[in-house]
Structures are given as C-alpha cells and as structure tokens.
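Heads up: the structure comes next, in structure tokens.
Please read all numbers here as calculations on a predicted model, not as lab measurements.
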Amino acid sequence: METKEIIQFVSAGFDKAKAGAAVEVYASIVNNPDMRVLPLKSHYPFGWIIYYALHQSPAHAIRERKQLLANYLSLNVAKPHKLHSMILTEAFRLYKDASDAATAVRLKSLSKQESEIPAFSIVKFVDLWNFAHIRPTDWNRKEHEGKLLPSTVEKLITHYTDELYSKRLPASEEFIGIINQALVAYPPTANLFAQRAQIHELAGEKVEAVEMLRNAILASSTKFHLWSRLANLITDKDDLRLKVSLNYKALRCPGQEDFKGKIHLQLAAALAEGGAFPQAKWELDYVKNLYGSKGWNLPRLYKETEKKMPSDIEAADPSGIYRKVEHMAEDFIYESLPEIPVRKTYHKPGTETTDRYGKRRPGQTAWRVTDAEGNNYWFNPGRYGIPEELPADTQLAVKIFGGKVVKARAVITIVR
C-alpha cells in the first residue's frame, strides 16, 4: 500500500473503532504486512484506535490489552494530551483486572490453566508513560449524580501505591512529589493519608507512617482496614494491649465479615504473643472455619501462630480481654486533639431515604453546634452516643479535624 492509502485506511478505521469495532480495526492494521511501519501522520489516529480497543476489550483479555498498551507506547504522539491521559485510565483498569485475577488464584487452588494469569505492572507502565505528562485537568475531580469522583491523579496514586506496597518496592522521589502535592491540593481524605502512610512504611519511617494513619482514621473512622493497618505498625514489644485494642476496633467497624478474617488472625497472633493461648485458639478456630468455608488457603501467619500454641489447649471466648482494652484504640487516635467547648444551636431531624435497592433507610439527625468564636460545625449526635433529643444550648466538648467533628461528648444538659 502507498503511504497515502495507509493514512486513509487508518483514518477510516478511527471512525469504525469509535463506533464499536475497535478490536477488529486494530487487528486489520497490525496484521497487515504493509502497515508494519505506519506513517507519522497515522500515529495519532492509531493511538485512538488502540484506546477504543482497550476500552472495548473484556476484563479477561489481559494479555491482549498488555500488547495494546505496548503498541501505544511505541507511537510518536503529542504529550501531554487527552489521549495520553485516557490511555492511562485504561492501564488502571487493566491493573485492577489483572490484580483481581491474581488474587483469585492465591485464595483458591485453581487448575494450571486458570492460574496462568499474565501480570501487569502499573509502576513500570506509569514510569514509561512519564509523570511529567500529567495535565492540569488530570488533577480535577468530576461530579456524577451529586458525588465527586476521584481524579486521574488520585487513581494513579491509588494503583501505583498498591503495587509498590504489595511488592515492597521503594517509591521514587518523583512519585513522592506527586503524592505530597496531592495532600495539599485536596481536602483531607482517608485514602491519601493511608497511601502516604504506606510510602513512609516502605521507607522504614514508622513514626511518620503511624501519624499518617492516625490522620486517615480521623478523616474516616469507620474504615476497618485503617484500624487494622495501624495495629500492624504497633510491634508486639511496643504495646500488645494497644495492638489488640486497635484490631478489636477494626472488627467493630462496618464491613462484611468475610473481609475481616485477617483481623481475627492478627488478634490470634497478638493474643498468643501475650500468652493468652485459649483466647488465641478461639480466634484461630474462627479463621480456620471462615477460610475453609470459602475454599481459601490458610495464610502463613495462621501456621506460624498455630506452632506457638501449647498442645491440647481449650479455646476460650476473648471478649473479656477485648472489653478491658477497647478504650485504648480511640484514646490513641484522639488524645493529641484539643477539646473545644461548643453548644447546640440547631436541630435537623433525619429524613427517611431509599437506597438503590429500594430499601428504606432511616435518616440521620444532624446537630449544629457553635463555638465561642461563632464557628459552626455539623455532626450526628447518635454516632457518639449522645441522645438526639437533648435541647438547644446543651453544652458539649468536641474535637475537630479537617473542619469536622471527630469526637463529641455532652458536658451539661440544660433542663427546661
């Protein structure tokens, strides 16, 4: 084919790809011997064909999508550019699909064919994609159905940190600069604090990692995995009781019980280290039953903890131990924040809502409280065990983080 014909063929293929036939169009180009070396003018439309082929490919087509990304990186296209950013979002999707498939292999004993899942490194891809090609608009969050969605940069940080942490790889100065910039650019979020904690942890900076996780919990105290991760940073020799308390707090946070098996296992390990073998046996039995019911392989920590147990030990309910130490977790998080005196100035009753499954949900009562300088804060009193019917001018002491109430207690109840 002549150069002009190739250019026309690729340009025509762009329209077909956008219409839904991208995989077929891509194959017709790469399998054509006349198009092994594309004219420079065709690189840009071919880049979009690759994007549409990625977008239209199914989740299981991991190997094919890896090749698509490799072919894109070989093109000479403008950067930074919308196309370059869109390709990055498809790399995120591929990383998640490959990671999910690999996780399924680890948890279950699959056949050899099923277990041959090709790996995809988002770290290597992004390094080739180049942090310098991040556009200002990649920092912007988009609104969908009244909710702000993570920006492209936030997604990049999430996936990049995930791989660094899972493979115990040190972060580059360039990536550390990006995540530090994000901490300033966005309002306090649990995800960013937690991800920065992981980077500190990889660098051996335990004190900084603990502080970042405390901030993450202050930003969102109901995420069980944050409490669990903080517990992991408390070494046994530091404070076993605090470690147990943090893990127990993680258990009491919302979340599916199926996802909390590792927390029970961490509790078993800490209890065994402290000599509470009957209670550790209780948690080990729970983990064994849970993993067995799911067909999952028992983690290494289970076997290591089991070896420490005396023979013929009888299991005993650990709830008594948990009750004695449960206060330590919240004390550890909130102790550094000062209490501010406020008074209740407005009461807004909750309105019943319906979730996406059509199930009715009771609304949450909201209080407005005001401090001595006239600053107003809103919070749900029931979350902190404060009776919702308390009258106006009720005196309270609250702790504030990121402009929000994170702890509250009633001080004086005004009776009328």
Pairs involving residues 274-286, ordered by first then second residue, that meet salt bridge (charged side-chain N to carboxylate O under 4.0 Å, His left out) (sequence neighbours left out): K281-D285
Side-chain (K399) to main-chain (P338) donor-acceptor, under 3.5 angstrom: no
Pairing of R252 and E326 as salt bridge, 4.0 angstrom limit: yes
Atom pair CZ (F259) and CZ (F224), whose distance is rounded to the nearest 0.5 Å: 7.0 Å
Backbone N/O of A197 and side chain of R229: donor-acceptor pair under 3.5 Å: no
Ring geometry between F120 and F125 (parallel below 30°, tilted from 30 to 60°, perpendicular above 60°): tilted
Side-chain (T158) to main-chain (E154) donor-acceptor, under 3.5 angstrom: yes
Criterion salt bridge (charged side-chain N to carboxylate O under 4.0 Å, His left out) on E273 and K308, from CA distance to verdict: CA-CA 8 Å; E273 189 69 25; K308 298 177 181 179; 3.4 Å; yes
Between OG on residue S336 and CG on residue L218, distance to nearest 0.5 Å: 7.0 Å
Derivation and outcome, side chain to side chain contact (heavy atoms under 4.5 Å, CB included), residues T89 and I87: CA-CA 5 Å; T89 63; I87 287 288; over 6 Å; no
Salt bridge (Lys or Arg N to Asp or Glu O under 4.0 Å) against R168, all qualifying residues, sequence neighbours excluded: E201
Pair R196-N215, side chain to side chain donor-acceptor pair (under 3.5 Å): steps then yes or no: CA-CA 10 Å; R196 190 63 182 94; N215 288 341; over 6 Å; no
Over 12 non-hydrogen atoms of neighbours within 6.0 angstrom of CZ in R141: yes
Student check: side-chain heavy atoms of N71 and V30 closer than 4.5 Å: yes
Value rounded to 0.5 Å, distance of CG in L202 from OG1 in T161: 8.5 Å
Pairs where residues 303-345 contributes a residue and the test ring-ring contact (aromatic ring centres under 6.0 Å, His included) is met, not counting sequence neighbours: Y248-Y322
Check: F379 and L396 side chains under 4.5 Å, non-hydrogen atoms: yes
For E205, all residues meeting salt bridge (Lys or Arg N to Asp or Glu O under 4.0 Å), sequence neighbours excluded: none
Selection residues 155-167 - residue pairs positive for salt bridge (charged side-chain N to carboxylate O under 4.0 Å, His left out), sequence neighbours left out: E163-K167
NZ/NE/NH1/NH2 to OD/OE distance under 4.0 Å, E90 and R93: yes
pair Y72-L83: side-chain heavy atoms closer than 4.5 Å: yes
No-hydrogen, no-angle side-chain donor-acceptor test under 3.5 Å, S319 and D317: yes
N-O pairing of K407 and E339 below 4.0 Å: no
Short side-chain donor-acceptor distance under 3.5 Å, N76 and Y44: no
Ring centroid separation Y291 to Y286 under 6.0 Å: no
Note, K142 side chain near K147 side chain (heavy atom, < 4.5 Å): no
Residues S151, N140; criterion side chain to side chain donor-acceptor pair (under 3.5 Å); working and verdict: CA-CA 5 Å; S151 68; N140 296 341; over 6 Å; no
Partner residues of H225 under the ring-ring contact (aromatic ring centres under 6.0 Å, His included) criterion, sequence neighbours left out: none
Side chain to side chain, L230 and I333, heavy atoms closer than 4.5 Å: yes
By side chain to side chain contact (heavy atoms under 4.5 Å, CB included) - contacts of S85 (at least two apart): W129, R135, D138
Side-chain (H200) to main-chain (E208) donor-acceptor, under 3.5 angstrom: no
Results of side chain to side chain contact (heavy atoms under 4.5 Å, CB included) for A276 - residues two or more places apart only: L271, Q279, I321
Side chain to side chain contact (heavy atoms under 4.5 Å, CB included) involving K348 - partner list, sequence neighbours excluded: Y346, A366, W378
Donor-acceptor under 3.5 Å (K18 side chain, G13 main chain): no
From E24 atom CD to I29 atom CD1, the distance as rounded to the nearest 0.5 Å: 12.0 Å
CA sep, side-chain torsions, deciding dist, call: N191, Q195, side chain to side chain donor-acceptor pair (under 3.5 Å): CA-CA 6 Å; N191 284 344; Q195 289 153 3; 5.2 Å; no
Flag if over 12 foreign heavy atoms under 6.0 Å of NZ, K79: yes
Residue pair I400, D371: steps toward the side chain to side chain contact (heavy atoms under 4.5 Å, CB included) verdict: CA-CA 11 Å; I400 305 295; D371 65 17; over 6 Å; no
Lys/Arg-Asp/Glu bridge criterion (N-O < 4.0 Å) met for D393, K344: no
Heavy-atom side-chain proximity of K206 to T235 below 4.5 angstrom: yes
Validation row: V210, L213 side chains within 4.5 angstrom (heavy atoms): no
Whether over 12 other heavy atoms sit under 6.0 Å from K288 NZ: no
Of all pairs that satisfy salt bridge (charged side-chain N to carboxylate O under 4.0 Å, His left out), the ones with a partner from residues 379-391, not counting sequence neighbours: none
Sidechain-backbone polar pair: Q56 side chain, A22 backbone, donor-acceptor under 3.5 Å: yes
4.5 Å side-chain heavy-atom contact, Y160 and F131: yes
Side-chain donor or acceptor of W227 paired with backbone N/O of L251 under 3.5 Å: no
Atom CD of E335 with >12 non-hydrogen neighbours under 6.0 angstrom: yes
Salt-bridge contact R65-D97 (side-chain N to carboxylate O under 4.0 Å): yes
Under 3.5 Å: donor-acceptor pair, side chain of S228, backbone of I263: no
Any residue meeting ring-ring contact (aromatic ring centres under 6.0 Å, His included) with H55, in chain and number order, not counting sequence neighbours: Y51
ring-ring contact (aromatic ring centres under 6.0 Å, His included) involving F92 - partner list, sequence neighbours excluded: H159
L284 CG to L301 CG distance, which is reported to the nearest 0.5 Å: 8.5 Å
Geometric class of the H84/H133 ring pair [parallel <30°, tilted 30-60°, perpendicular >60°]: perpendicular
